[in-house]
Number of protein chains: 2
Amino acid sequence: MKPEDILAKHGLSRTSIRTKLIQILAEAHEALSSKEIEQQLDDNVDRVTIYRTIKLFEDKGLIHKIVVDEQSTKYRLIRENKSTDHPHFHCIKCDKVVCLPDTPLPCCDLPQGFRVSTQNTIIEGTCQKCNK
Amino acid sequence: MKPEDILAKHGLSRTSIRTKLIQILAEAHEALSSKEIEQQLDDNVDRVTIYRTIKLFEDKGLIHKIVVDEQSTKYRLIRENKSTDHPHFHCIKCDKVVCLPDTPLPCCDLPQGFRVSTQNTIIEGTCQKCNK
DNA sequence: TCATAATTGCAACTTTGTTGCAAAAGTATC
DNA sequence: GATACTTTTGCAACAAAGTTGCAATTATGA
Ligand SMILES: [Zn+2]
Ligand SMILES: [Zn+2]
Ligand SMILES: [Zn+2]
Ligand SMILES: [Zn+2]
């Protein structure tokens, strides 16, 4: 689907920044931080606009957020037929973050009376490129 | 074990701030943020000192860090016979974070050539007090 | 006690993200 | 396409969380 169609589908007006941002996320093979997005947007777009656009896309269900650690948050486009509730892999060498297949996660032993809404798993390790 | 003995065991000099900080963490039934620690240290101790002490304790293996989300990091004393690699529960109503029993986590489907070092799981939901 | 080494507090800085407001761009109607 | 109205963007200022350098204070060991 074209960036313009994705915007229309979610009832968002079509601006050049939004179109480019979707394109950047769609072409990425890994999750991107707001700074990485900023660097890929050639014209110098204001940080604030990027933050606001990311938040909008998140609220509208276009992208999902991955909190890697306290000062690293990345974003990835939600593709069709893909859930948002899958585990993620973080390479501690090259810092790349990728989505993993949506395997059924087993329940942990929870104390009585606790209720689960979502589960967030980040697997830390090294990717195949860094292991060569 | 007394706070003073814990310091000695890890080769750390015994200062009143470090002693109190260990005591606060030992008496807590949940993971604490640096701000929560600051509030429990009666005399107003400088933020910087708390950050430095937390980092020192973490490096020496006295405490473990739990990254709840992008702007909430909490810490918990590592007790004897307890691993540091267990899942955590975050109550989205009262914001409490607790350690969960160390259940054997199943491997997710990983792409070829990927190597795992640690796995970080945070279960979001509501605790038994908030469910009443 | 005294010298030495380690810890603490202060000020300044960095990074990541937010808010208010005016200027610019988009949308719909004619 | 021009017009009016709404939304988006950029700028400045701010906020929270954490870091660094340096001088003052406190701990340790002889
Ligand atoms: Zn890698
Ligand atoms: Zn993902
Ligand atoms: Zn609760
Ligand atoms: Zn824990």
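Values in this document were obtained by computation on a predicted structure and should not be read as measured data. To find a chain, count down the sequence lines: A is the first, B the second, and so on, and within it residues start at 1. Reckoned from all heavy atoms, side chains included, excluding hydrogens, waters and symmetry mates.
- Surrounding CG of A:Asn44 are at most 12 heavy atoms belonging to other residues, nucleotides or ligands under 6.0 Å away.
- Between the P atom of D:dT9 and the CG atom of A:Leu56 lies a distance of 9 Å, rounded to the nearest Å.
- Within the model, atoms CG of B:Asn120 and NE2 of B:His88 stand 8.5 Å from one another, a figure rounded to the nearest 0.5 Å.
- Here the P atom of nucleotide C:dT16 and the NZ atom of A:Lys74 are 11 Å apart, to the nearest Å.
- Atom CD1 in B:Ile54 sits about 12 Å away from atom P in D:dA17, given to the nearest Å.
- When atom types are taken as modelled, the side chain of A:Asp102 and the backbone of A:Lys82 share no donor-acceptor pair closer than 3.5 angstrom.
- Comparing A:Glu70 and A:Thr53 by the nucleotide of DNA chain D that holds the closest heavy atom to each, the one mapping nearer the 5' end is A:Thr53.
- Atom CG of B:Leu21 is separated from atom C1' of C:dT8 by 13 Å (rounded to the nearest Å).
- Per the geometry, CD belonging to A:Glu58 stands 13 Å off C1' belonging to C:dG17, to the nearest Å.
- For A:Ser34, a side-chain nitrogen or oxygen approaches OP1 or OP2 of C:dG17 to under 4.0 Å.
- A salt bridge does not link B:Glu30 to B:Lys74: none of the charged nitrogens lies less than 4.0 Å from a carboxylate oxygen.
- Atom CG of B:Asp43 and atom P of D:dT25 are 17 Å apart (whole Å).
- Taking every heavy atom of both residues into account, B:Leu110 and A:Phe89 meet most closely at CD2-CD1, 3.7 Å.
- No side-chain heavy atom of A:Thr53 sits less than 4.5 Å from a side-chain heavy atom of A:Lys20.
- Between C:dG17 and A:Thr73, a contact under 4.0 Å exists linking OP1 or OP2 to a side-chain N or O.
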The contact string for nucleotides 18-30 of chain C, one letter per nucleotide 5' to 3', using protein heavy atoms under 4.0 Å with B, S and - for base, sugar-phosphate only and none, comes out as BBB-----SS---
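- Atom CG of B:Asp59 and atom P of C:dT7 are 12 Å apart (whole Å).
- In this structure, the side chains of B:Asp95 and B:His90 come closer than 4.5 Å at one or more pairs of heavy atoms.
- Residue A:Lys35 has no polar side-chain atom (N or O) positioned under 4.0 Å from OP1 or OP2 of C:dT15.
- Rounding to whole angstrom units, CD1 of residue A:Ile50 and C1' of C:dT16 are separated by 13 Å.
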